[in-house]
Amino acid sequence: MKILVAVKRAIDYNVKARPKADGSAVDLANVKMSMNPFDEIAVEEAIRIQEAGTASETVAVSIGPKQCQETLRTAMAMGVDRGILVETDEDVQPLAVAKLLKAVVDKEQPELVILGKQAIDDDSNQTGQMLAALLGWAQGTFAAGVELADGSLTVRREIDGGIQTLKLKMPAVVTADLRLNEPRYVKLPNIMKAKKKPLDTLAPADLGVDVAPRLSVLKVAEPPARQGGIKVPDVAALVDKLRNEAKVI
Ligand code: AMP
């Protein structure tokens, strides 16, 4: 069984995102970029399935500029066998990503595709769902547990009020939630080994996909600055302020 895992190069989660001066987008100039954290979890899960002997090959796919090669090398240093870069300098929105991933799935014929539940830059939470729909495959989103046995996949999902357990027919699409696993640290010898692993580059046109944006961003702005708190002398004053100033009770 082959597993395909989608890895996005996104703004590093430790960086405070700031809008560009003209408010057109998040300013990415000279900003540290890393693998989207949920995608690290997706990669870890794919490798664990392979280490358990259930998968024979793991392939990482990234869509974006040339620098996504670094993201793919990180996935390979974690343990993925090879990488595919769909190279484009366009702003590729979730629908286009899902169409490109579908084209890669048609070529590679994996039985399982694992993605992150959402990219922390656009917070769309759309790509996995749209990919499953385009493929006509089962989907297990927000996975907090994954088990593969006898040709079916059991996915545990954290939902309001408890854990939902789904049994999916293979092939399937899974999106990884935070508590699915704890991704491993990449060790130096594995970084060296990853440099020698195969990395293919394709263009969206090779896959016959039109990546033209369907949405336009009107404005990106910082949230309003928070005002400092005040101390109230007693409960009565607090209730008075909540009722008459904040008008929340
Ligand atoms: P989103 O729907 O944008 O929140 O992204 C959900 C997931 O889709 C991410 O966690 C990735 O696994 C995958 N994904 C989104 N965009 C890309 C991309 N440009 N390249 C590779 N994977 C992507």
Side-chain angles (χ1 to χ4, degrees), residues 1-14 34-63 71-72 74-81 94-95 97-98 101-102 104-105 108 110-186:
M1 182 183 79
K2 190 193 282 189
I3 304 178
L4 203 72
V5 49
V7 293
K8 182 173 189 183
R9 178 176 181 266
I11 188 165
D12 187 90
Y13 73 98
N14 285 308
S34 303
M35 187 188 298
N36 180 46
F38 292 107
D39 303 355
E40 280 186 33
I41 299 172
V43 169
E44 177 67 35
E45 197 62 23
I47 301 164
R48 288 190 190 185
I49 296 171
Q50 189 175 26
E51 285 170 348
T54 321
S56 50
E57 194 184 20
T58 46
V59 183
V61 188
S62 192
I63 297 155
T71 319
L72 289 167
T74 305
M76 290 190 264
M78 287 175 75
V80 164
D81 296 313
L95 178 60
V97 173
L101 289 174
K102 176 181 185 296
V104 175
V105 168
E108 292 283 335
E111 268 185 87
L112 178 62
V113 185
I114 314 181
L115 305 91
K117 74 164 180 182
Q118 85 191 42
I120 62 161
D121 49 6
D122 60 21
D123 276 344
S124 293
N125 173 16
Q126 296 176 2
T127 310
Q129 293 88 331
M130 292 200 286
L131 174 64
L134 290 172
L135 288 165
W137 289 10
Q139 59 178 295
T141 54
F142 294 69
V146 169
E147 263 165 53
L148 259 161
D150 307 326
S152 72
L153 185 73
T154 306
V155 172
R156 277 187 299 112
R157 316 177 63 232
E158 286 178 8
I159 56 167
D160 281 351
I163 301 277
Q164 182 188 56
T165 307
L166 299 178
K167 193 168 178 189
L168 309 184
K169 250 198 198 160
M170 302 283 278
V173 173
V174 165
T175 71
D177 207 342
L178 193 63
R179 277 177 285 275
L180 179 58
N181 60 47
E182 226 176 88
R184 66 196 63 189
Y185 284 106
V186 174

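The residues of the chain are indexed from 1 along the displayed sequence.
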Does the side chain of Q164 come within less than 4.5 Å of L166's, by heavy atoms? yes

Derivation of the salt bridge (Lys or Arg N to Asp or Glu O under 4.0 Å) call for R179 and E158: CA-CA 9 Å; R179 277 177 285 275; E158 286 178 8; 2.8 Å; yes

With side chain to side chain contact (heavy atoms under 4.5 Å, CB included) as the test, would you mind laying out the steps for V174 and L115 before giving the verdict? CA-CA 6 Å; V174 165; L115 305 91; over 6 Å; no

Test salt bridge (Lys or Arg N to Asp or Glu O under 4.0 Å) on D39 and K8 and set out the steps. CA-CA 7 Å; D39 303 355; K8 182 173 189 183; over 6 Å; no

To the nearest 0.5 Å, what is the distance between CG on L148 and CG on L112? 6.5 Å

Which heavy atom of M35 sits nearest to which heavy atom of A75, and what is that distance? CE-N, 3.7 Å

So which heavy atom on V155 is nearest to which on G140, and how close? CG1-CA, 4.2 Å

Side-chain donor or acceptor of D81 paired with backbone N/O of T58 under 3.5 Å: yes

List in chain and number order the residues that pass salt bridge (charged side-chain N to carboxylate O under 4.0 Å, His left out) with R184, two or more places apart in sequence or in another chain; answer none if no residue qualifies. E44, E51

State the CG-CD distance between L180 and E45, to the nearest 0.5 angstrom. 4.0 Å

If you compare all heavy atoms of A42 against all heavy atoms of I114, which two are closest, and at what distance to 0.1 Å? CB-CG2, 3.6 Å

Rounded distance (nearest 0.5 Å) linking atom CH2 of W137 with atom NZ of K169: 14.0 Å

Under a 4.5 Å cut-off applied to non-hydrogen side-chain atoms, are L168 and S152 in contact? no

I'd like to know if the side chain of R9 pairs up with that of S62 as donor and acceptor (distance under 3.5 Å, no hydrogens or angles considered). no

May I ask you to test the P110-V105 pair for a side-chain heavy-atom distance under 4.5 Å? yes

Give a yes or no answer on whether the side chain of S56 reaches the backbone of M1 with a donor-acceptor pair at less than 3.5 Å. yes

State the CZ-CD1 distance between F38 and I120, to the nearest 0.5 angstrom. 8.0 Å

Decide yes or no for V43 and V80: does some side-chain heavy atom of the first lie under 4.5 Å from some side-chain heavy atom of the second? yes

So, does N181 use its side chain to make a donor-acceptor pair with the main chain of I41 at under 3.5 Å? yes

Please examine the side chains of K117 and T141, heavy atoms only from C-beta on, and report whether any two atoms are closer than 4.5 Å. no

Residue pair K167 / L153, side-chain heavy-atom distance below 4.5 Å: no

Write down the atom of A55, the atom of Q50, and the distance for their closest heavy-atom approach. O-CG, 3.3 Å

Hey, are the side chains of V5 and V61 touching, using non-hydrogen atoms and a 4.5 Å cut-off? no

Do the side-chain N and O atoms of N36 and Q118 include a donor-acceptor pair separated by under 3.5 angstrom? no

Ignoring hydrogens and geometry beyond distance, is a side-chain donor-acceptor pair present between Q129 and N125 at under 3.5 Å? yes

Can you sort out the partners of A98 under side chain to side chain contact (heavy atoms under 4.5 Å, CB included), two or more places apart, ordered by chain and number? T127, M130, L131, L134

State the CZ-CZ distance between F142 and R157, to the nearest 0.5 angstrom. 7.0 Å

